[in-house]
Amino acid sequence: MPCYRCGARQTDPVRGASPWKRGVHSQAQVLICPDCQHAHDLRLDTCASCGSTALICRLGEVECRTCHAVRPAERSAGPPEIPDGLADEVAAALSRVLGRLTSQS
Ligand SMILES: [Zn+2]
Ligand SMILES: [Zn+2]
């Protein structure tokens with residue numbers, strides 16, 4: 001996974017822990033390269049309880065690695081729901097077309 005901010009590719013560390021940092025941005029798990037960790041426009045998601053950016057994004061929830069607070073992800077990964085009004089309009093248009101077709105025959 002490349003750095004979400006600059007797109008740099010992660011290189012394998014020679015030894016020890018990777019200098020790359022994990023974070024959550026727009027409720028998606030991202031990696032931040034060592035250069036970008038010092039940037040001031042990271043806009044990482046923060047924990048609502050302690051303000052930490054050390055978050056883990058899992059399926060449907062975001063967990064804070066500092067205070068272990070878990071909150072549900074606000075947006076689901078599924079397709080956007082069709083508003084009720086729009087569905088009604090489509091149904092009305094369909095019935096108009098179908099009604100015209102049946103009256104012609
Ligand atoms: Zn970067
Ligand atoms: Zn926290």
Side-chain angles (χ1 to χ4, degrees):
M1 192 158 61
C3 170
Y4 93 93
R5 185 172 173 275
C6 71
R9 292 269 163 192
Q10 187 175 17
T11 52
D12 290 330
V14 178
R15 62 167 62 207
S18 168
W20 285 55
K21 206 174 124 183
R22 283 169 177 276
V24 174
H25 176 70
S26 297
Q27 309 204 42
Q29 188 80 57
V30 296
L31 282 174
I32 307 106
C33 74
D35 290 340
C36 290
Q37 285 171 28
H38 305 294
H40 295 290
D41 61 342
L42 280 178
R43 292 198 209 98
L44 291 171
D45 290 8
T46 54
C47 171
S49 301
C50 72
S52 170
T53 56
L55 306 179
I56 309 168
C57 190
R58 290 193 301 244
L59 198 65
E61 59 184 24
V62 178
E63 182 183 341
C64 174
R65 288 200 292 171
T66 305
C67 72
H68 302 287
V70 178
R71 65 176 166 91
E74 283 154 32
R75 275 174 293 172
S76 68
E81 284 176 35
I82 299 169
D84 287 344
L86 189 63
D88 288 347
E89 271 178 47
V90 171
L94 264 177
S95 63
R96 275 201 301 274
V97 171
L98 289 173
R100 217 174 295 153
L101 284 175
T102 46
S103 63
Q104 277 170 3
S105 60

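Each ligand, and each atom within it, is numbered from 1 in the order the structure gives. Along the sequence shown, the residues carry numbers beginning at 1.
With side-chain heavy atoms closer than 4.5 Å counting as contact, directly or through intermediates, the hydrophobic cluster containing Tyr4 also holds Val30, Ile32, Leu42, Leu44.
Side-chain contact between Gln27 and Arg71: present, with at least one pair of heavy atoms (C-beta onward) separated by less than 4.5 Å. A 4.5 Å side-chain heavy-atom check between Ile56 and Arg65 finds at least one atom pair inside the cut-off. Under the 4.5 Å side-chain criterion, counting only non-hydrogen atoms from C-beta, Cys3 is not in contact with Leu31.
Residues Val62 and Cys57 approach most closely at CG2-SG, 4.2 Å, considering heavy atoms. In plain terms, the two heavy atoms of Ser26 and Asp45 that are nearest each other are N-OD1, 3.1 Å.
Near-neighbour remark for the Zn ion (ligand 2): protein N, O or S atoms under 2.8 Å are Cys47 SG, Cys50 SG, Cys64 SG, Cys67 SG; waters not counted. Excluding water, every protein N/O/S atom under 2.8 Å from the Zn ion (ligand 1) is given here by residue and atom: Cys3 SG, Cys6 SG, Cys33 SG, Cys36 SG.
No single ILVMFWY cluster, assembled from side-chain heavy atoms under 4.5 Å apart, contains both Val90 and Val97.
Partners of Gln29 under the side chain to side chain donor-acceptor pair (under 3.5 Å) rule, at least two apart in sequence or in another chain, do not exist in this structure.
Taking 4.0 Å as the cut-off between side-chain N and carboxylate O, Arg5 and Asp41 count as a salt-bridged pair.
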